[in-house]
Amino acid sequence: MLKIMQAKLVTLSIPTPDGVFVAHYSDKGLCGLEFPSRMKKPRIQSDTDESPRRVRAWHAATVKALKRVLSGKPPGRLPPVDLSSGTDFQQRVWRALQDISRGKTLSYGQVATAIGNPKALRAVGGACGANPIPVLVPCHRVLAANQRLGGFGGGLDWKRALLTRERVQWS
DNA sequence: CCCTAGCGGTGCT
DNA sequence: AGCACCGCTAGGG
């Protein structure tokens, strides 16, 4: 019998000019990123000794990549990304999102077509909303048809800000 | 602008 | 199994 064991997560904070993001790491890599929140802070193992050297290396890459994207630049090198929390469908969507480069956008329908399931365009919206690693897995680059903004789980202000910094226009 | 029908994945009962 | 969500879209007032 295969037991599902929740691998221990390491949680580290990322101070930026936009606020303090929070990153989660599994044993496979970066598995979550949270937007800054004014609510109570999660428990952070901020101390360097606490986290394995490997995680610290991943985190350094995350911090760098995040700051670059927040300033409208390409992310550069990413840490390993662990998307295994998602269903097969979600993972296919999230992987497709990773191929949208800075300054480019796709519609929900185009993402659906890209993963070979063109009629699942509505479900693509759901998968984007469930993206565990916003910003670095760039779900903000998915717009509604006819270049309209569409939605954003992290709040539309964030979507507008990220797109603006990438010089993307919408209608 | 509004409405409506059709659509697929997900999570709840 | 059923059912109600949805970050959707195309078509028609």
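The analysis underlying the following values was restricted to heavy atoms, covering all of them including side chains, and did not include hydrogens, waters or symmetry mates. In what follows, every chain begins at residue 1, and chains take the letters A, B, ... in the order their sequences are listed.
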Any donor-acceptor pair under 3.5 Å from Arg77(A) side chain to Ala61(A) backbone: no

Quiz item: Do Asp18(A) and Lys67(A) meet the salt-bridge criterion of a basic N to acidic O distance under 4.0 Å?
Solution: no

(request) Answer yes if the ring centres of Trp158(A) and Phe21(A) are under 6.0 angstrom apart, and no otherwise. (result) yes

Side-chain donor-acceptor contacts of residues 115-134 of chain A below 3.5 Å, not counting sequence neighbours, with atom names and distances?
from, atom 1, to, atom 2, distance (Å)
Asn131(A), OD1, Ile133(A), N, 2.9
Asn131(A), ND2, Val137(A), O, 2.8

Has the side chain of Lys159(A) got a donor or acceptor atom that lies under 3.5 Å from a matching backbone atom of Gly151(A)?
yes

Main-chain N/O of Lys73(A) paired with Arg102(A) side-chain donor or acceptor, under 3.5 Å: no

Original post:
Quick one: does Gln91(A)'s side chain have a donor or acceptor within less than 3.5 Å of a partner on Gly86(A)'s backbone?
Top reply: yes

Quiz item: Is the shortest side-chain N to carboxylate O distance from Glu166(A) to Lys104(A) below 4.0 Å?
Solution: no

Sorted by chain and number, sequence neighbours left out, side chain to side chain contact (heavy atoms under 4.5 Å, CB included) with Ala65(A) holds for Pro75(A), Leu78(A), Leu136(A)

Start with the C-alpha gap between Thr62(A) and Tyr25(A), add the side-chain angles, then the distance that decides, and say whether side chain to side chain donor-acceptor pair (under 3.5 Å) holds. CA-CA 10 Å; Thr62(A) 302; Tyr25(A) 298 90; 2.9 Å; yes

Intra- and inter-strand pairing of DNA chain B, written as dot-bracket with Watson-Crick and G-U pairs under 3.5 Å and | for the latter, reads ||||||.||||||

Numerically ordered, the residues 95-116 of chain A set in heavy-atom contact under 4.0 Å with DNA chain C is Ser107(A), Tyr108(A), Gly109(A)

Checklist entry - Between Ser171(A) (side chain) and Gln147(A) (backbone), is there a donor-acceptor pair under 3.5 Å? => result yes

Checking Arg141(A) side chain against Gln98(A) main chain: does a donor-acceptor pair fall under 3.5 Å?
no

Residues in residues 138-171 of chain A with a heavy atom under 4.0 Å of DNA chain B, by number, are none

Contact string for nucleotides 4-11 of chain B, one letter per nucleotide 5' to 3', B = base within protein heavy-atom range under 4.0 Å, S = sugar-phosphate only, - = neither, reads --BBBSS-

